[in-house]
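Report on the structure given below.
These numbers come from a predicted model, not from an experiment. Computed from heavy atoms alone, side chains included, the values below leave out hydrogens, waters and symmetry copies.
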Amino acid sequence: MNTGKVDVLLGLQWGDEGKGKVVDVLTPKYDVIARFQGGPNAGHTLEFEGQKYVLRSIPSGIFQGGKVNIIGNGVVLAPDLFMDEAKALEASGHDLHSRLHISKKAHLIMPTHRVLDAAYEAQKGKNKVGTTGKGIGPTYTDKVSRNGLRVGDILDNFPEKYAKAKARHEAILKSLNFDYDITEVEKKWLEGVEYLRQFQIVDSEHEINNILKSGKSVLCEGAQGTMLDVDFGSYPFVTSSNTICAGACTGLGIGPNKIGEVYGIMKAYCTRVGAGPFPTELFDETGKLIRDLGHEYGAVTGRERRCGWIDLVALRYSIMVNGVTQLIMMKSDVLDGFDTIKACTAYKVNGMETRDFPYNIEGGIEPIYEELPGWKTDMTQFTSEDQFPKAFKDYIAFLEKELETPIKIISIGPDRAQTIVRK
């Protein structure tokens, strides 16, 4: 029997690698696009035909003619934010109701989850994780502690289920002495629940496996990045879900033997949003210049991203835990004007050099850099790898050797057209 394969696309750094653009570019090759984890804290920015879109919960394949897009069980969904996002897309001419399917098993982010998020962060004081405040962590906490509300619950006796879950949160917030008012937010949230009922709410694990049985292909889209994975990231400064390839299996209900290609996305440098360790972070003018040239501000939060040179220790680790088969390098054009490019090839930890990513990267880590000549060429108008300057080709070859994985796609600008697929 000709069963289809699932290819997985995910970020290898601390998120913001440019996954949305690449999903959009790759979508024509696939029958179905499925999002497997995360929530509206993830902003995927896409630009084409002079328009800019930011997607938070809806898969990035929604723009390409008639493809089915699935929000999987591993995703956490805020009905009010989903409604805003979906209505904006429909206003720009994209029909969602016939093409967007939502898993019954995806968990709902309640208004009180956002309040709990703020309360827990306030309690931590200077040890804040730097969450986006969207209620993601508390929603996943409820999921794991078996207290969550799911999309399927809106189809059966929902008011009672909602009241019970809300009362539980209110008791926690009372014990924390945290003041809040969710009157307006809750009103819109309940509107969002009604709006959600208009969509195809499905048993997505059955749907995806039947799609594969019929020989069709699925592209799984991850959110955030590997270094934010709750198990393998820079804990506790991580997200609340498994952002790695294995998360596609649990977040969609597919067996590991169905996985085909694993696309790992990275920037030609490195960024991070929020708190947490970042060994190659630059605090000088170079870091500021990378931020300005790369427009490194959060798609959802608008927060400044911290910037630094590419970290090959962390990337080797990410490639290993994900089983990456091919790399995609984004924002190469941001480094077009630099005389020298640096790449961290190892860490010095307690005076010892290591190429392995350590258990703890907080403090006391000194990155060891290799310097490479810059290419000093504006590549944003290039249409073929044959046009790449020698210094850039050398940079690619150096990265492929260090990472032992081929770089197949290179992005040289934000637009869909500024994408070069290598031979």
Side-chain angles (χ1 to χ4, degrees), residues 6-27 29-30 33-38 42-47 54-55 59-61 218-229 232-233 239 241-248 251 259-273 290 294-296 298-299 305 307-312 314-335 343 395-396 399-400 402-416 418-422:
V6 171
D7 291 346
V8 181
L9 180 142
L10 36 76
L12 298 181
Q13 294 160 316
W14 277 281
D16 310 308
E17 297 92 351
K19 295 175 287 296
K21 173 186 169 175
V22 180
V23 172
D24 177 60
V25 167
L26 292 177
T27 292
K29 292 172 55 181
Y30 295 90
I33 310 299
R35 170 91 178 264
F36 66 84
Q37 50 72 228
H44 290 176
T45 305
L46 298 90
E47 292 184 36
V54 177
L55 300 177
S60 303
V218 178
L219 178 63
C220 301
E221 175 185 10
Q224 288 95 27
T226 298
M227 301 315 298
L228 293 173
D229 182 271
F232 296 101
T239 195
S241 59
N242 284 117
T243 60
I244 61 170
C245 186
I259 304 279
E261 294 289 332
V262 181
Y263 301 104
I265 305 188
M266 62 185 195
K267 286 178 180 168
Y269 49 96
C270 201
T271 63
R272 178 163 198 167
V273 171
I290 291 174
H295 307 292
E296 293 295 354
R305 296 186 187 133
C307 297
W309 295 117
I310 197 165
D311 185 338
L312 302 182
L315 277 172
R316 280 193 292 265
Y317 178 75
S318 293
I319 289 165
M320 175 184 75
V321 298
N322 286 301
V324 172
T325 58
Q326 50 184 290
L327 293 168
I328 298 170
M329 185 160 72
M330 310 300 287
K331 292 200 167 184
S332 310
D333 52 299
V334 173
L335 302 182
Y395 184 59
I396 296 168
L399 294 177
E400 288 183 324
E402 282 284 327
L403 300 173
E404 298 179 350
T405 313
I407 299 173
K408 292 288 192 179
I409 297 176
I410 291 175
S411 175
I412 50 170
D415 196 88
R416 181 191 280 168
Q418 293 173 297
T419 312
I420 293 176
V421 180
R422 299 180 70 210

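Taking CG of N322 as the start and OG1 of T405 as the end, the distance is 11.0 Å to the nearest 0.5 Å. If you take CG on L335 and NZ on K267, they are separated by 11.0 Å, rounding to the nearest 0.5 Å. Atom CD1 of I412 and atom OG1 of T419 lie 8.0 Å apart (nearest 0.5 Å). Note that CD of Q326 and CG of L9 are 9.5 Å apart. Values are rounded to the nearest 0.5 Å. Taken to the nearest 0.5 Å, the OG atom of S318 stands 11.0 Å off from the CE atom of M266. If you take CD on E221 and CG on D24, they are separated by 10.0 Å, rounding to the nearest 0.5 Å.
Between M227 and F232 the shortest heavy-atom distance is CE-O, 4.5 Å. Across all their heavy atoms, G15 and T271 have their closest contact at O-OG1, 4.2 Å. Residues R272 and L228 come closest through the heavy atom pair NH2-CD2, 3.9 Å. Closest non-hydrogen pair, C245 versus I259, comes out as SG-CG2, 4.2 Å. Taking both residues in full, the closest heavy atoms of I33 and P59 are given as CG2-CB, 4.0 Å, listed atom of the first, atom of the second, then distance. The two residues K331 and G294 make their nearest non-hydrogen contact at NZ-O, 2.6 Å.
Judged as a side-chain hydrogen bond (donor to acceptor under 3.5 Å, both in side chains), and not counting sequence neighbours, the contacts of D7 are Y30. Partners of N242 by side chain to side chain contact (heavy atoms under 4.5 Å, CB included), not counting sequence neighbours, listed by chain and number: D229, V230, D231. By the side chain to side chain contact (heavy atoms under 4.5 Å, CB included) test, A248 pairs with V8, F36, C220, sequence neighbours left out. Partners of W14 by side-chain hydrogen bond (donor to acceptor under 3.5 Å, both in side chains), not counting sequence neighbours, listed by chain and number: S234. Checked against salt bridge (Lys or Arg N to Asp or Glu O under 4.0 Å), E261 has no partners two or more places apart in sequence or in another chain. Legend: residues meeting side chain to side chain contact (heavy atoms under 4.5 Å, CB included) with E17, ordered by chain and number and at least two apart, are Q13, K19, I265.
For Q37 (side chain) and A223 (main-chain N/O), a donor-acceptor pair under 3.5 Å exists by modelled atom type. The main-chain N or O of G413 is found under 3.5 Å from a side-chain atom of K21 such that the two form a donor-acceptor pair. Under the 3.5 Å distance criterion, the side-chain polar atoms of Y395 are matched with a main-chain donor or acceptor of A268. When atom types are taken as modelled, the side chain of T243 and the backbone of G225 share a donor-acceptor pair closer than 3.5 angstrom.
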- Show your working on side-chain contact (heavy atoms from CB on, under 4.5 Å) between I409 and V25 and close with a plain yes or no. CA-CA 10 Å; I409 297 176; V25 167; 5.6 Å; no
- Dump the intermediate steps for side-chain contact (heavy atoms from CB on, under 4.5 Å) on R316 and L403, then the final yes or no. CA-CA 6 Å; R316 280 193 292 265; L403 300 173; 3.8 Å; yes
- Item | Trace of the side-chain contact (heavy atoms from CB on, under 4.5 Å) decision for L12 with I319 | CA-CA 7 Å; L12 298 181; I319 289 165; 4.1 Å; yes
- Go through the steps for R422 and K408 under the test side-chain contact (heavy atoms from CB on, under 4.5 Å), then give the verdict. CA-CA 5 Å; R422 299 180 70 210; K408 292 288 192 179; 5.6 Å; no
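Side-chain contact check for Y263 versus V22: every heavy-atom pair is 4.5 Å or farther apart. Looking at L399 and I310, their side chains come closer than 4.5 Å, going by heavy atoms from C-beta outward.
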